[in-house]
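Report on the structure given below.
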Number of protein chains: 2
Amino acid sequence: MKMSGGVEWALHCCVVLSRAGAPVPAAKLAELHDVSQSYLAKQLQLLSRAGLVRSTLGQSGGYVLTRATSEITVLDVVEAIDGAQPAFRCTEVRQRGPLAVPAERCDTPCPIARVMDSADRAWRESLRAITVADLVADVGRTTPAETLEAARQWLRA
Amino acid sequence: MKMSGGVEWALHCCVVLSRAGAPVPAAKLAELHDVSQSYLAKQLQLLSRAGLVRSTLGQSGGYVLTRATSEITVLDVVEAIDGAQPAFRCTEVRQRGPLAVPAERCDTPCPIARVMDSADRAWRESLRAITVADLVADVGRTTPAETLEAARQWLRA
DNA sequence: TCTATTCGGACAAGAGTTATCCGAGTCAAG
DNA sequence: CTTGACTCGGATAACTCTTGTCCGAATAGA
Ligand code: SF4
Ligand code: SF4
């Protein structure tokens, strides 16, 4: 039960991108977070495939958010990086072994799968309720203005 | 984002054990589900360490539940097999890189970690709400009595 | 036109999970 | 009481997936 570590980086990147008006190259984001430049690129590619960010090639290129931060939920980012498939995957054990239940009796999902599905839904709903805009607002509230300005300066350089 | 596949087997075993009055050896459980005998043993060991089942050695030995099924939640089983640590683990990225936030400012958990923690809690709460007794009841409701009796017979043999 | 810069997908290394084995201990029967 | 066979438990390999890295194709600007 472990989600991809890249999710954390991706969320940070989204927050940073929302502050920068201009495209930001992957290399700068990597240096800012002091993480593997090549690996972060992979995560950004995933975000790009999911349609959350758009890449601009060539000089002064980089990544930009495609939508307003209030339209990007945390769940969007998590599913883009970690995949959208549920954590629990039924193997249909009941259809195997000497006491195998015939397939025609397996039309209704079993209680176990139902519980897991319900929990997974609750988890996703909880993540869907928060948007990147909420994160940005919270960061702005708990961080001194001078630090935010310094970050913006560093990004431009 | 994938939980250990052994969780499914462990839950099935708990349901089966609740039906059998006598200790059931791991080999029988494995044959019943048609899964790797040695690997299922590992899962049962984990359940044993967690205190959910008690093992009896020697002839006519096997595993027995330690508590009533109504006192065992699905979450107990999941945490016994899959571990209790949350899926998201913060790497404290904000303390690294050129814009590193000093450690003294990191006393309060950041918004990202808070969201993840909240979602994780919702997930666990959802699993905690259901007990093995509920699963058993649901199985008894959707399965014909003759099948249940056949299972009991097979276990004794 | 040319160059410097960017992303994108293809390519290894490592960690974690899955699967397996045999020995220590125990209970039941004779 | 002796014997015997059966049980779990932890230590041991094979495998899959995640993590991490690299270089080539395409682009914008000079
Ligand atoms: S009982 Fe549920 S978890 Fe088990 S095999 Fe059937 S569908 Fe899957
Ligand atoms: S901002 Fe949150 S997720 Fe990011 S490093 Fe800090 S505590 Fe971890």
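Protein chains get the first letters and strands the later ones, always in sequence-line order, with residue 1 at the start of each. Predicted model only: the values in this text are computed from it and were never measured.
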### Message
Given C:dC7, D:dT19, D:dG10, identify the nucleotide with an atom nearest to the side chain of B:Gln45.
### Response
D:dG10
### Task
Round to a whole Å and report the spacing from CE of B:Met3 to C1' of D:dT16.
19 Å
#### Entry: Under 3.5 Å: donor-acceptor pair, side chain of B:Arg94, backbone of B:Ala100
no
### Interatomic distance where CD belongs to B:Glu8 and C1' belongs to C:dT17 [whole Å]
16 Å
### Message
Whole angstroms only, please: what is the CG-C1' distance between B:Leu44 and D:dG9?
### Response
12 Å
### Any A:Ser4 side-chain nitrogen or oxygen under 4.0 Å from OP1 or OP2 of D:dT19
yes
Enumerate donor-acceptor pairs with a distance under 3.5 Å from any side-chain N or O in residues 26-39 of chain B to protein atoms, sequence neighbours excluded.
unit_1	atom_1	unit_2	atom_2	d
B:Lys28	NZ	B:Ala157	O	3.0
B:His33	ND1	B:Leu29	O	2.6
B:Ser36	OG	B:Tyr39	N	3.2
B:Tyr39	OH	B:Gln43	NE2	3.2

#### Entry: Interatomic distance where CZ belongs to B:Phe88 and P belongs to D:dT18 [whole Å]
17 Å
### Task
With heavy atoms under 4.0 Å as the rule, sort B:Arg49 into base, sugar-phosphate or nothing.
sugar-phosphate
#### Entry: Atom pair distance, as rounded to whole Å: CE in A:Met1 and P in C:dG16
17 Å
### Message
Donor-acceptor pair, distance only, cut-off 3.5 Å: does the side chain of A:Thr73 make one with the backbone of A:Ile130?
### Response
no
### Message
Taking CZ in B:Arg67 as the centre, count heavy atoms belonging to other residues, nucleotides or ligands within less than 6.0 Å. Is the count above 12?
### Response
yes
#### Entry: Reading 5' to 3' through nucleotides 19-30 of chain C, protein heavy-atom contacts under 4.0 Å coded B for base, S for sugar-phosphate only, - for none
BBB----BSS--
### Message
Once you apply a heavy-atom cut-off of 4.0 Å, does A:Gly62 come out as touching a base, just sugar-phosphate, or nothing?
### Response
sugar-phosphate
#### Entry: Whole angstrom value for the distance that separates C1' of D:dG9 from CG of B:Leu47
14 Å
### Message
Please report the distance, rounded to the nearest Å, between CG in B:Leu46 and C1' in C:dT18.
### Response
13 Å
### Message
Using a 3.5 Å distance criterion without hydrogens, assess whether the side chain of A:Thr143 forms a donor-acceptor pair with backbone atoms of A:Gly140.
### Response
no
### Query
Can you check the B:Gln43 CD to D:dG10 C1' distance for me, whole Å?
14 Å
### Summary
Ranking A:Lys2 and A:Ser48 by the position along DNA chain C of their nearest nucleotide, the one closer to 5' is A:Ser48
### Message
I'd like to know if the side chain of B:Asp82 and the backbone of B:Glu79 have a donor-acceptor N/O pair within less than 3.5 Å.
### Response
no
### Query
Under a 4.0 Å N-O cut-off, is there an ion pair linking A:Asp117 with A:Arg114?
no
